[in-house]
Protein chains: 2
Amino acid sequence: MNDTDTDFVVMAWRALLARHAEVSGVLERELSERHGLGVSEFEVLERLAEARSSCQEPGEAKFRVQGLADQVHLSQSALSRLIARLEREGLVARALCEADRRGVFVQLTEEGRRRHAEATPTHRAVLSAHLFPHLVDAGCAPPAEGTAPENAAPGSVRRGP
Amino acid sequence: MNDTDTDFVVMAWRALLARHAEVSGVLERELSERHGLGVSEFEVLERLAEARSSCQEPGEAKFRVQGLADQVHLSQSALSRLIARLEREGLVARALCEADRRGVFVQLTEEGRRRHAEATPTHRAVLSAHLFPHLVDAGCAPPAEGTAPENAAPGSVRRGP
DNA sequence: GCGCATTCAATGCACAAGCAATTAATGCGA
DNA sequence: TCGCATTAATTGCTTGTGCATTGAATGCGC
């Protein structure tokens with residue numbers, strides 16, 4: 001690989017780091033102060049909610065801890081504690097797995113479903129506003145309902161009259 | 001914004017999270033066990049090294065703490081402690097700023113320059129191998145000198161005979 | 001039926017990161 | 001010159017994360 005390729009990869013990595021820091025920072029702040037949730041917490045709730053909605057029978061949306069950990073890029077121990085936090089808040093419930101009594105099934109409670117539904121618009125709004133900032137300025141994204149991004153310049157082009 | 005747009009943004013965000021987790025995980029492991037450096041530590045050393053090399057006079061590569069913090073996406077307190085760690089290892093030196101005695105200049109030591117130079121190939125190799133994995137499999141990237149990515153399938157296409 | 005390696009989740013421990021409070025130095029205005 | 005707001009960096013405290021370990025349960029071989 002030549003120097004140009006290397007520079008390109010490094011630049012790409014820095015851009016990735018910058019975008020990750022920016023978006024996850026705003027997301028953390030917004031989700032935390034508006035809904036009392038962290039980014040990882042929301043992510044876990046979302047996986048559980050998705051599984052539930054893609055499943056006909058209610059009460060089927062169960063997940064093993066390790067399975068969730070893989071999806072949200074956390075270690076098994078981190079997820080164990082995260083689940084404990086969510087359980088303390090009443091957003092999820094642990095259920096013994098009878099087939100394999102080492103395993104634990106995690107599922108959303110009604111309260112958990114509600115909190116996730118409440119937080120989703122904020123989550124989407126932050127992503128729309130900050131993930132592709134250039135699109136926002138070009139008028140390709142909505143005015144971010146649910147948040148008021150402070151970095152939107154006063155004269156920036158928006159959709160509408 | 002319609003559902004399709006929203007889904008796209010969410011998918012893009014998840015892809016970003018996945019790539020960030022993957023690459024920074026491997027990078028952390030490799031840099032740590034081969035050179036005793038964390039990702040953030042390396043990033044700071046790199047900024048200092050770049051500033052030095054782009055500067056004619058030796059000894060001019062000084063940085064304010066806050067300036068470094070912005071570049072590596074850390075809070076000033078985090079960077080303050082990180083600098084302290086690097087200083088304890090003898091990789092950087094704090095220098096009082098005489099013009100403004102609140103400020104602190106941070107600069108690389110010779111040992112710091114050496115460690116950064118040693119670690120750079122590992123850093124670049126990990127990025128090349130993991131940042132754009134599909135390019136690696138397509139033979140557009142080198143066989144990642146310095147690391148042996150375990151997730152390269154035995155039969156995957158590589159450059160060479 | 002009895003070990004024994006394996007697997008799943010929880011816990012002890014160490015550490016890095018952020019927020020808030022603190023200390024030190026600057027510069028501006030009365 | 002004397003406050004006083006402002007800025008830079010450090011420190012106290014809390015929290016989330018990963019690694020390694022532990023404890024429980026499984027199933028495979030004999």
Side-chain angles (χ1 to χ4, degrees), chain A residues 17 20-33 36-45 62-89 91-107, chain B residues 17 20-33 36-45 62-89 91-107:
Chain A
L17 284 177
H20 177 268
E22 166 35 86
V23 178
S24 65
V26 178
L27 209 49
E28 186 75 40
R29 223 179 345 272
E30 293 288 327
L31 285 177
S32 170
E33 73 185 35
L37 291 172
V39 174
S40 299
E41 270 103 330
F42 178 85
E43 217 73 30
V44 168
L45 292 183
K62 297 167 176 175
F63 262 95
R64 310 297 288 258
V65 172
Q66 187 60 56
L68 282 168
D70 294 341
Q71 291 204 33
V72 299
H73 316 295
L74 282 180
S75 68
Q76 179 267 323
S77 66
L79 199 72
S80 179
R81 296 178 213 267
L82 194 153
I83 297 294
R85 264 175 277 152
L86 290 178
E87 192 180 34
R88 232 176 287 130
E89 289 200 62
L91 305 183
V92 305
R94 281 184 171 96
L96 286 188
C97 170
E98 309 171 12
D100 182 346
R101 291 166 56 183
R102 295 167 299 183
V104 169
F105 279 142
V106 182
Q107 51 187 336
Chain B
L17 284 176
H20 177 267
E22 224 250 91
V23 178
S24 64
V26 179
L27 210 48
E28 185 75 40
R29 224 182 342 277
E30 293 288 328
L31 285 177
S32 168
E33 73 185 33
L37 290 173
V39 175
S40 299
E41 268 101 331
F42 178 85
E43 215 74 30
V44 168
L45 290 183
K62 298 168 175 175
F63 261 95
R64 307 297 288 257
V65 172
Q66 185 61 54
L68 283 168
D70 294 341
Q71 291 203 34
V72 298
H73 315 296
L74 285 178
S75 67
Q76 81 276 55
S77 66
L79 200 70
S80 179
R81 294 179 216 267
L82 195 153
I83 296 295
R85 261 176 281 152
L86 290 179
E87 193 179 33
R88 230 177 288 130
E89 289 201 63
L91 306 183
V92 303
R94 281 182 171 97
L96 285 188
C97 169
E98 309 172 13
D100 182 348
R101 292 167 55 184
R102 294 169 300 184
V104 169
F105 279 141
V106 183
Q107 51 186 336

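So you know, we letter chains A, B, ... as the sequences are listed, proteins then strands, and number each from 1.
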Nearest-angstrom distance from the residue atom [atom1] of [X] to [atom2] of [N]:
{"X": "B:E33", "N": "D:dG18", "atom1": "CD", "atom2": "P", "result": "17 Å"}
{"X": "B:F105", "N": "D:dA8", "atom1": "CZ", "atom2": "P", "result": "12 Å"}
{"X": "B:R88", "N": "D:dT10", "atom1": "CZ", "atom2": "P", "result": "12 Å"}
{"X": "B:I83", "N": "D:dA8", "atom1": "CD1", "atom2": "P", "result": "16 Å"}
{"X": "A:L37", "N": "D:dT15", "atom1": "CG", "atom2": "P", "result": "17 Å"}
{"X": "B:R94", "N": "D:dA8", "atom1": "CZ", "atom2": "P", "result": "16 Å"}
{"X": "A:D70", "N": "C:dC8", "atom1": "CG", "atom2": "C1'", "result": "13 Å"}
{"X": "B:E87", "N": "D:dA9", "atom1": "CD", "atom2": "C1'", "result": "13 Å"}

Nearest-nucleotide comparison on DNA chain D, the residue closer to the 5′ end among A:D100 and B:Q66: B:Q66
Side chain proximity check, A:L45 to A:V92, heavy atoms < 4.5 angstrom: yes
Note, B:E43 side chain near A:L17 side chain (heavy atom, < 4.5 Å): yes
Heavy-atom neighbours of B:E98 CD exceed 12 at 6.0 Å: no
Any A:R101 side-chain nitrogen or oxygen under 4.0 Å from OP1 or OP2 of C:dC8: no
Where protein sits on nucleotides 14-23 of chain C, one letter per nucleotide: B base, S sugar-phosphate only, - none, heavy atoms under 4.0 Å: --SSBB----
Inter-residue atom distance B:F42.CZ - B:L86.CG, 0.5 Å rounding: 12.0 Å
Passing option when B:L74 is tested against B:L68, B:V44, B:L82 for side chain to side chain contact (heavy atoms under 4.5 Å, CB included): B:L82
Donor-acceptor contact below 3.5 Å, side chain A:S24 vs main chain A:H20: yes
Pairwise 5' ranking along DNA chain C for A:G103 and B:A99, keeping only the more 5' one: A:G103
Donor-acceptor pair (no angle test) under 3.5 Å: B:R102 side chain, D:dT7 base: yes
Set of residues satisfying salt bridge (Lys or Arg N to Asp or Glu O under 4.0 Å) with respect to B:E87, sequence neighbours excluded: B:R94
